[in-house]
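A short write-up of the structure that comes next.
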Amino acid sequence: MRPEVTPFRHESSGTWSYVVADPATRRAAVVDPVLDFDPKSGRAAATSAAAIADFVSGNGLTNEWILETHAHADHLSAAQWLRGRIGGRVAIGQGIREVQRTFREILNLEPAFATDGRQFDTLFEDGETFTIGSLAARVIATPGHTSDSLSYLVGDAVFVGDSIFMPDSGTARCDFPGGDAGVLYASIRRLFELPGETRVFVCHDYKAGGREARCETTIAEERAANIHVKEGTSEADFTAMRQKRDATLELPALIYPAVQFNIRGGTAPPAESNGRIYLKLPLSVPDA
Ligand SMILES: [Fe+2]
């Protein structure tokens, strides 16, 4: 039950995507693939995702799943692009419906925008199991950063999305709509119940202290050394730290483009009457 895990780094967003492969059956899943996006021109490109598709094809893998840990706010998802290239069911947590409802309000999305998650092939709930070839996989709901956040336990590897980062980098922010530091604390306690040798693969790494980018640690290392929430950290201390820190953080540069794209399952909004596609930006202007 030891999957082969190959990381792919998207440098400009600090995101790690993964190909998780079953050595026995050569079946695979892709976790959190990224679409390149230039907000100045509005152009998206699939250079990074093509590297993943080439890896899958080049290694004789059959892709079964494209697993999203949550609706990302810092990058556009390449899920649909990859689905077109290498197949696989696009999955996310059932909590995406709440995220869709929240952002439909915030962004005043078109009446036809569905908030029942139908843009995805599979909506997972906590505890649900599935397979990647002969590998057993289990969904662990880990909300807190967002309300729809999931971790995926595949054999001895857990893909934790934005919950814990590398031990020297701590934890994910909890100040987006639907985020909650106390909820994240409870989610991390659940992850810490996994066996210590469980391999942990993070969704982001921002090279703390100028070190090289890293993507893999273990539950034991996280329990012993996570700078925000190691074994023994109280919920009160964690939430106070998280809230104080979140108050200093700017919004991610791509939050509005990313959310509009990602809550649609990795597809663009409908074209307008001139045939072109636009993204919205909620504007606030000062009173005179
Ligand atoms: Fe995130």
Side-chain angles (χ1 to χ4, degrees), residues 7-18 30-37 39 48-49 66-79 90-100 102-103 106-107 117 120 124 139-152 158-166 169-188 190-191 200-208 213-215 222 226 228-229 242-243 245-266:
F8 293 82
R9 182 162 174 86
H10 186 255
E11 190 59 44
S12 63
S13 65
T15 305
W16 289 105
S17 308
Y18 299 95
V30 178
V31 182
D32 288 333
V34 179
L35 202 61
D36 309 299
F37 181 66
S48 302
I66 298 166
L67 304 171
E68 297 280 14
T69 55
H70 62 292
H72 304 277
D74 67 303
H75 66 264
L76 276 63
S77 167
V90 177
I92 200 165
Q94 284 193 348
I96 188 65
R97 295 168 177 156
E98 185 188 326
V99 177
Q100 289 175 325
T102 299
F103 281 97
I106 292 172
L107 295 163
F120 298 83
F124 281 130
V139 172
I140 305 171
T142 45
H145 167 64
T146 63
S147 56
D148 68 327
S149 289
L150 299 180
S151 295
Y152 295 101
V158 66
F159 300 85
V160 296
D162 292 357
S163 55
I164 40 178
F165 293 140
M166 293 301 293
S169 303
T171 56
R173 65 193 298 175
C174 296
D175 59 328
F176 298 154
D180 186 303
V183 171
L184 181 60
Y185 181 86
S187 294
I188 293 169
R190 292 190 72 194
L191 291 173
V200 172
F201 294 92
V202 300
C203 183
H204 289 293
D205 188 69
Y206 305 111
K207 306 181 182 179
R214 293 183 60 201
C215 67
E222 293 280 11
N226 188 291
H228 292 169
V229 62
R242 197 61 267 171
Q243 284 160 3
R245 186 174 162 83
D246 288 349
T248 69
L249 300 176
E250 287 186 27
L251 282 180
L254 296 185
I255 185 169
Y256 288 112
V259 165
Q260 286 172 75
F261 198 81
N262 295 342
I263 63 175
R264 298 174 188 273

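We count ligands from 1, going down the list as the structure has it; atoms in each ligand are counted the same way. These values consider heavy atoms only, across backbone and side chains, with no hydrogens, waters or symmetry-generated copies.
For a distance bound of 2.8 Å, the N, O or S atoms of H70 include one lying that close to the Fe ion (ligand 1). Here D74 fails the criterion, with no N, O or S atom under 2.8 Å of the Fe ion (ligand 1).
Remark: the T171 side chain and the H228 side chain contain an N/O donor-acceptor pair separated by less than 3.5 Å. Defined by atom type and a distance below 3.5 Å, a donor-acceptor pair is missing between the side-chain atoms of S77 and N262.
Atom OD2 is the N/O/S atom of D162 found closest to the Fe ion (ligand 1). Among heteroatoms of the N, O or S kind in H145, NE2 lies nearest the Fe ion (ligand 1).
Contact record, A78 with A49: CB-CB, 3.6 Å, taken as the closest heavy-atom pair.
Note: D180 CG to T146 OG1 = 11.5 Å, rounded to the nearest 0.5 Å.
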